[in-house]
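This report concerns only the one structure given below.
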Amino acid sequence: MFSELLVLYLLFFRMGAVTFGGGYAMLPILRREIVQNHQWMSEEDIMDYYALSQGLPGIIAINVSVFIGYRRRGIPGGVASAFGMVSPCIIIISLIAFFLSNFQDNPYVRSALAAISVCVTALILDAVISMWKKGVKDLLGIVICFAMLGLSLFTGISPILLVIVCALIGIVAQSIRRARSIEGGDAK
(Lines give C-alpha, C1' and ligand atoms only; values in the text may rest on other atoms or scores of the structure.)
Protein backbone atom coordinates (compact mmCIF):
# COMPACT_ATOMS: atom_id res chain seq x y z
CA MET A 1 0.00 0.00 0.00
CA PHE A 2 2.80 2.44 0.88
CA SER A 3 4.40 1.98 -2.54
CA GLU A 4 1.18 2.97 -4.34
CA LEU A 5 0.79 5.99 -2.06
CA LEU A 6 4.32 7.00 -3.01
CA VAL A 7 3.45 6.49 -6.70
CA LEU A 8 0.39 8.73 -6.27
CA TYR A 9 2.42 11.38 -4.46
CA LEU A 10 5.20 11.40 -7.06
CA LEU A 11 2.79 11.34 -10.00
CA PHE A 12 0.89 14.37 -8.73
CA PHE A 13 4.14 16.03 -7.63
CA ARG A 14 5.37 15.87 -11.25
CA MET A 15 2.04 17.20 -12.50
CA GLY A 16 2.02 19.99 -9.94
CA ALA A 17 5.56 20.95 -10.91
CA VAL A 18 4.71 21.50 -14.57
CA THR A 19 1.07 22.55 -14.45
CA PHE A 20 1.01 26.29 -14.92
CA GLY A 21 -2.44 27.73 -15.45
CA GLY A 22 -4.56 25.60 -13.18
CA GLY A 23 -6.54 22.41 -13.42
CA TYR A 24 -7.47 22.59 -17.07
CA ALA A 25 -3.85 22.87 -18.13
CA MET A 26 -3.10 19.59 -16.35
CA LEU A 27 -5.82 17.65 -18.20
CA PRO A 28 -3.60 16.43 -21.08
CA ILE A 29 -0.94 15.26 -18.62
CA LEU A 30 -3.57 13.66 -16.40
CA ARG A 31 -5.11 11.82 -19.34
CA ARG A 32 -1.74 10.48 -20.41
CA GLU A 33 -0.67 9.39 -16.92
CA ILE A 34 -3.92 8.17 -15.35
CA VAL A 35 -5.79 6.83 -18.39
CA GLN A 36 -3.06 5.71 -20.80
CA ASN A 37 0.05 4.91 -18.75
CA HIS A 38 -1.45 3.55 -15.51
CA GLN A 39 -4.92 2.63 -16.85
CA TRP A 40 -6.44 3.44 -13.48
CA MET A 41 -9.67 4.86 -14.93
CA SER A 42 -11.38 6.00 -18.12
CA GLU A 43 -11.42 9.44 -19.70
CA GLU A 44 -15.11 9.66 -18.81
CA ASP A 45 -14.20 9.22 -15.13
CA ILE A 46 -11.63 12.01 -15.40
CA MET A 47 -14.21 14.30 -17.04
CA ASP A 48 -16.72 13.47 -14.30
CA TYR A 49 -14.14 14.42 -11.66
CA TYR A 50 -13.46 17.69 -13.47
CA ALA A 51 -17.16 18.51 -13.68
CA LEU A 52 -17.67 17.73 -10.01
CA SER A 53 -14.54 19.67 -9.00
CA GLN A 54 -15.81 22.79 -10.75
CA GLY A 55 -18.83 22.90 -8.48
CA LEU A 56 -16.84 22.38 -5.30
CA PRO A 57 -14.88 24.98 -3.35
CA GLY A 58 -11.15 24.94 -3.82
CA ILE A 59 -8.67 24.50 -6.61
CA ILE A 60 -9.78 22.20 -9.43
CA ALA A 61 -6.38 20.53 -9.78
CA ILE A 62 -6.26 19.62 -6.11
CA ASN A 63 -9.89 18.48 -6.04
CA VAL A 64 -9.32 16.21 -9.05
CA SER A 65 -6.13 14.80 -7.52
CA VAL A 66 -8.00 14.02 -4.30
CA PHE A 67 -10.78 12.21 -6.19
CA ILE A 68 -8.28 10.11 -8.14
CA GLY A 69 -6.17 9.32 -5.08
CA TYR A 70 -9.26 8.46 -3.06
CA ARG A 71 -10.49 6.13 -5.77
CA ARG A 72 -7.12 4.33 -5.82
CA ARG A 73 -6.35 4.10 -2.09
CA GLY A 74 -9.15 5.69 -0.07
CA ILE A 75 -8.41 8.56 2.30
CA PRO A 76 -4.61 7.96 2.40
CA GLY A 77 -4.57 8.02 -1.42
CA GLY A 78 -6.51 11.29 -1.51
CA VAL A 79 -4.14 12.87 1.00
CA ALA A 80 -1.02 11.61 -0.83
CA SER A 81 -2.32 12.93 -4.15
CA ALA A 82 -3.24 16.33 -2.70
CA PHE A 83 0.15 16.71 -1.01
CA GLY A 84 1.84 15.68 -4.25
CA MET A 85 -0.07 18.35 -6.16
CA VAL A 86 0.66 21.19 -3.72
CA SER A 87 4.26 20.32 -2.77
CA PRO A 88 5.89 21.80 -5.90
CA CYS A 89 3.95 25.05 -5.42
CA ILE A 90 5.06 25.35 -1.83
CA ILE A 91 8.69 24.63 -2.75
CA ILE A 92 8.76 27.00 -5.74
CA ILE A 93 7.02 29.86 -3.93
CA SER A 94 9.31 29.45 -0.92
CA LEU A 95 12.42 29.53 -3.13
CA ILE A 96 11.20 32.57 -5.02
CA ALA A 97 10.36 34.40 -1.82
CA PHE A 98 13.73 33.51 -0.31
CA PHE A 99 16.07 34.15 -3.24
CA LEU A 100 14.46 36.71 -5.51
CA SER A 101 13.53 40.03 -3.99
CA ASN A 102 12.59 41.66 -7.31
CA PHE A 103 11.04 38.62 -8.95
CA GLN A 104 8.28 40.44 -10.80
CA ASP A 105 10.65 43.06 -12.20
CA ASN A 106 13.12 40.56 -13.67
CA PRO A 107 12.81 40.74 -17.50
CA TYR A 108 13.79 37.08 -17.88
CA VAL A 109 11.10 36.02 -15.45
CA ARG A 110 8.51 38.19 -17.23
CA SER A 111 9.52 36.69 -20.59
CA ALA A 112 9.38 33.15 -19.20
CA LEU A 113 5.92 33.74 -17.71
CA ALA A 114 4.67 35.24 -20.99
CA ALA A 115 5.86 32.15 -22.89
CA ILE A 116 4.35 29.86 -20.26
CA SER A 117 0.99 31.63 -20.61
CA VAL A 118 1.00 30.87 -24.35
CA CYS A 119 1.67 27.21 -23.59
CA VAL A 120 -1.08 27.19 -20.96
CA THR A 121 -3.51 28.59 -23.53
CA ALA A 122 -2.72 25.68 -25.84
CA LEU A 123 -3.12 23.16 -23.01
CA ILE A 124 -6.47 24.65 -21.99
CA LEU A 125 -7.63 24.57 -25.62
CA ASP A 126 -6.66 20.89 -25.75
CA ALA A 127 -8.69 20.31 -22.58
CA VAL A 128 -11.70 22.13 -24.05
CA ILE A 129 -11.58 20.06 -27.25
CA SER A 130 -11.25 16.85 -25.25
CA MET A 131 -14.11 17.79 -22.94
CA TRP A 132 -16.25 18.72 -25.97
CA LYS A 133 -15.64 15.30 -27.55
CA LYS A 134 -16.49 13.46 -24.35
CA GLY A 135 -19.29 15.64 -23.01
CA VAL A 136 -21.26 17.03 -25.95
CA LYS A 137 -23.05 14.06 -27.48
CA ASP A 138 -26.29 15.44 -28.91
CA LEU A 139 -28.21 18.59 -29.85
CA LEU A 140 -29.20 19.20 -26.22
CA GLY A 141 -25.52 19.13 -25.24
CA ILE A 142 -24.66 21.67 -27.94
CA VAL A 143 -27.48 23.97 -26.84
CA ILE A 144 -26.48 23.70 -23.17
CA CYS A 145 -22.82 24.29 -24.00
CA PHE A 146 -23.40 27.47 -25.98
CA ALA A 147 -26.09 28.76 -23.61
CA MET A 148 -23.78 28.35 -20.63
CA LEU A 149 -20.87 29.87 -22.56
CA GLY A 150 -23.03 32.91 -23.33
CA LEU A 151 -24.23 33.21 -19.74
CA SER A 152 -20.68 32.83 -18.48
CA LEU A 153 -19.24 35.44 -20.85
CA PHE A 154 -21.97 38.07 -20.78
CA THR A 155 -23.50 37.91 -17.31
CA GLY A 156 -22.24 37.88 -13.78
CA ILE A 157 -23.93 34.57 -12.94
CA SER A 158 -21.81 32.41 -10.68
CA PRO A 159 -20.17 29.42 -12.40
CA ILE A 160 -21.33 27.29 -9.48
CA LEU A 161 -24.94 28.19 -10.26
CA LEU A 162 -24.36 27.36 -13.94
CA VAL A 163 -22.97 23.93 -13.01
CA ILE A 164 -25.96 23.26 -10.73
CA VAL A 165 -28.41 24.35 -13.44
CA CYS A 166 -26.68 22.07 -15.97
CA ALA A 167 -26.85 19.17 -13.53
CA LEU A 168 -30.58 19.74 -13.07
CA ILE A 169 -31.10 19.99 -16.84
CA GLY A 170 -29.22 16.70 -17.27
CA ILE A 171 -31.36 14.98 -14.64
CA VAL A 172 -34.59 16.27 -16.19
CA ALA A 173 -33.46 15.32 -19.72
CA GLN A 174 -32.53 11.80 -18.57
CA SER A 175 -35.87 11.43 -16.77
CA ILE A 176 -37.73 12.46 -19.92
CA ARG A 177 -35.68 10.06 -22.06
CA ARG A 178 -36.33 7.23 -19.63
CA ALA A 179 -40.08 7.98 -19.51
CA ARG A 180 -40.26 8.04 -23.32
CA SER A 181 -38.33 4.79 -23.48
CA ILE A 182 -40.74 3.14 -21.07
CA GLU A 183 -43.78 4.51 -22.95
CA GLY A 184 -42.31 3.31 -26.24
CA GLY A 185 -41.71 -0.13 -24.74
CA ASP A 186 -45.28 -0.35 -23.42
CA ALA A 187 -46.77 0.64 -26.77
CA LYS A 188 -45.10 -2.32 -28.52
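What's counted below: heavy atoms across the whole structure, side chains too, no hydrogens, waters or symmetry copies.
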Taking all atoms of both residues into account, what is the closest heavy-atom pair of Ile90 and Ser94, and its distance?
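Looks like O-OG, 2.7 Å.
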Where do Asp138 and Gly141 come nearest, in terms of heavy atoms and distance?
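The answer is OD1-N, 2.8 Å.
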Side chains of [X] and [Y]: closer than 4.5 Å at any heavy-atom pair?
X	Y	answer
Leu11	Ile34	yes
Val7	His38	yes
Ile59	Asn63	no
Met85	Tyr9	no
Ser87	Phe12	no
Asp45	Arg71	yes

Which ILVMFWY residues are connected to Leu151, directly or by a chain of links, through side-chain heavy atoms under 4.5 Å apart?
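Leu151 shares its hydrophobic cluster with Leu140, Ile144, Met148, Ile157, Leu161, Leu162, Val165, Ile169.
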Under 4.5 Å side-chain heavy-atom separation, chaining through any Ile, Leu, Val, Met, Phe, Trp or Tyr, what else clusters with Ile160? Say none if it is isolated.
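Ile164, Leu168, all in the cluster of Ile160.
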Pairing of Glu33 and Arg14 as salt bridge, 4.0 angstrom limit
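Yes, charged N to carboxylate O under 4.0 Å.
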Quick check on the hydrophobic clustering: are [X] and [Y] connected, directly or via other members, by side-chain heavy-atom contacts under 4.5 Å?
X	Y	result
Ile93	Met15	no
Ile124	Met47	yes
Leu10	Val66	yes
Ile75	Phe83	yes
Phe13	Val18	yes

Is there a side chain to side chain contact (heavy atoms under 4.5 Å, CB included) between Leu5 and Arg72 once you walk through the steps?
CA-CA 9 Å; Leu5 293 177; Arg72 292 299 304 161; over 6 Å; no
Tell me every residue that passes ring-ring contact (aromatic ring centres under 6.0 Å, His included) with Phe67, counting only those two or more places apart in sequence or in another chain.
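Partners of Phe67 under the ring-ring contact (aromatic ring centres under 6.0 Å, His included) test: Tyr49.
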For Ser130, side chain to side chain donor-acceptor pair (under 3.5 Å) partners two or more places apart
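Partners of Ser130 by the side chain to side chain donor-acceptor pair (under 3.5 Å) criterion, ordered by chain and then number, come out as Arg31.
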If we count only N and O atoms by modelled type, under 3.5 Å, do the side chains of Tyr70 and Ser81 hold a donor and an acceptor together?
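Short answer, no.
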Would Val136 and Phe146 count as a side chain to side chain contact (heavy atoms under 4.5 Å, CB included) here? Give the steps.
CA-CA 11 Å; Val136 180; Phe146 285 109; over 6 Å; no
Just verifying a value: how many Å separate [X] [atom1] and [Y] [atom2], rounded to the nearest 0.5 Å?
X	Y	atom1	atom2	value
Leu8	Arg73	CG	CZ	8.5 Å
Ile171	Ile176	CD1	CD1	12.0 Å
Leu30	Met41	CG	CE	8.5 Å

Partners passing side-chain contact (heavy atoms from CB on, under 4.5 Å) against Leu153 (at least two apart in sequence or in another chain)
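Leu153 satisfies side-chain contact (heavy atoms from CB on, under 4.5 Å) with Leu149 once adjacent residues are dropped.
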Of all residues at least two apart in sequence or in a different chain, which pass the side-chain contact (heavy atoms from CB on, under 4.5 Å) check with Gln174?
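With sequence neighbours excluded, Gln174 shows a side-chain contact (heavy atoms from CB on, under 4.5 Å) to Arg177, Arg178, given in chain and number order.
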Show your reasoning for whether side chain to side chain contact (heavy atoms under 4.5 Å, CB included) applies to Ile68 and Ile46.
CA-CA 8 Å; Ile68 293 169; Ile46 300 290; 3.8 Å; yes
Walk me through it: do Leu123 and Met26 pass the test side chain to side chain contact (heavy atoms under 4.5 Å, CB included)?
CA-CA 8 Å; Leu123 292 172; Met26 83 176 213; over 6 Å; no
